[in-house]
Q: 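I'd like to ask some things about the structure below.
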Amino acid sequence: MSRKALIITDGTKSIETLAKPIKNALAGFSVNILPADKFAGNDLLPADIFFLGAEKPYPQSFSYLVELLAHINLAPRKCAVFSTNQKTLKWLSGILKDCEASLGDTLLSLDGSYQESDINKWIKGLVK
């Protein structure tokens, strides 16, 4: 059976751009990329690992997701966050505390650019 990964984004261009190489680096996973405003709770349940990406803290599209994460236990499921903004990484990490998912290293791309080798290394560290 294939492992499953879910990437939830705020739908902004810079985050969607980062989500694509993350998906490509998840070899051996069936990967679904969803904008947060299209996300439903049952999208998360089959995922072995999930990722949250946003450009700025508190995007309106994350309202439902934030509420869900405050009331669901995802221990010991792996997850990670990515952004183009350091404050957003902190915010994304914070919304995961109540769900007890196993938060891995974060990925920061200040200018929205990335090195494929950096993303591959990041993913390897998460799925080991």
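We count residues from 1, following the sequence as given.
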Q: Restricting to side chain to side chain contact (heavy atoms under 4.5 Å, CB included), what partner residues turn up for Gln115, sequence neighbours left out?
A: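 Checked Gln115 against side chain to side chain contact (heavy atoms under 4.5 Å, CB included); matches are Ser117, Asp118.
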Q: Taking Lys78 for the side chain and Leu126 for the main chain, is one N or O donor matched with an acceptor at less than 3.5 Å?
A: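 Yes; judged by distance alone, with no hydrogens or angles, the pair exists.
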Q: What distance separates Ile7 CD1 from Ile33 CD1, expressed to the nearest 0.5 Å?
A: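 Answer for the CD1-CD1 pair, Ile7 versus Ile33, is 4.5 Å.
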Q: Donor-acceptor pairs are to be reported for all side-chain atoms of residues 42-55 against protein atoms at under 3.5 Å, with residues two or more places apart or in another chain.
A:
{"from": "Asp43", "atom 1": "OD2", "to": "Ala40", "atom 2": "N", "distance (Å)": "2.7"}
{"from": "Asp48", "atom 1": "OD2", "to": "Lys4", "atom 2": "N", "distance (Å)": "2.7"}
{"from": "Glu55", "atom 1": "OE2", "to": "Ser14", "atom 2": "OG", "distance (Å)": "2.6"}

Q: CD/Gln60 to CG/Asp10 distance, rounded to the nearest 0.5 angstrom?
A: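 The CD atom of Gln60 sits 12.0 Å away from the CG atom of Asp10.
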Q: Could I get the full list of ring-ring contact (aromatic ring centres under 6.0 Å, His included) partners for Phe82, not counting sequence neighbours?
A: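 For Phe82, no residue satisfies ring-ring contact (aromatic ring centres under 6.0 Å, His included) once neighbours in sequence are set aside.
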Q: Measuring only between side-chain heavy atoms, which start at C-beta, is Ile72 closer than 4.5 Å to Leu74?
A: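 Result yes, sub-4.5 Å side-chain heavy-atom pair found.
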Q: Can you sort out the partners of Phe39 under ring-ring contact (aromatic ring centres under 6.0 Å, His included), two or more places apart, ordered by chain and number?
A: Tyr64
Q: Does a donor on one side chain and an acceptor on the other come within less than 3.5 Å for Asn85 and Ser83?
A: no
Q: Can you give me every donor-acceptor pair (side chain of residues 95-107, partner residue at least two apart or in another chain, under 3.5 Å) with its distance?
A:
none

Q: Any idea which heavy atoms bring Gly28 and Ser2 closest together, and the distance?
A: O-OG, 3.9 Å
Q: State, with a plain yes or no, whether a side-chain heavy atom of Val81 is found less than 4.5 Å away from one of Thr88.
A: no
Q: Can you name the closest pair of heavy atoms from Ala5 and Leu26 and give their distance?
A: CB-CD1, 3.9 Å
Q: Is Phe62 close to Pro57 at the side-chain level, that is, under 4.5 Å between some pair of heavy atoms?
A: no
Q: I'd like to check Thr17 versus Ile15 (side-chain heavy atoms, cut-off strictly below 4.5 Å). Are they in contact?
A: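 No, side chains not in contact.
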Q: Side chains of Thr84 and Leu18: does their closest heavy-atom pair fall under 4.5 Å?
A: yes
Q: Not counting sequence neighbours, which residues clear side chain to side chain donor-acceptor pair (under 3.5 Å) with Thr9? List them please.
A: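 Thr9 satisfies side chain to side chain donor-acceptor pair (under 3.5 Å) with Glu16 only.
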Q: Any chance you could measure Ser63, atom OG, to Leu68, atom CG, to the nearest 0.5 Å?
A: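 Reported value, rounded in 0.5 Å steps: 12.5 Å.
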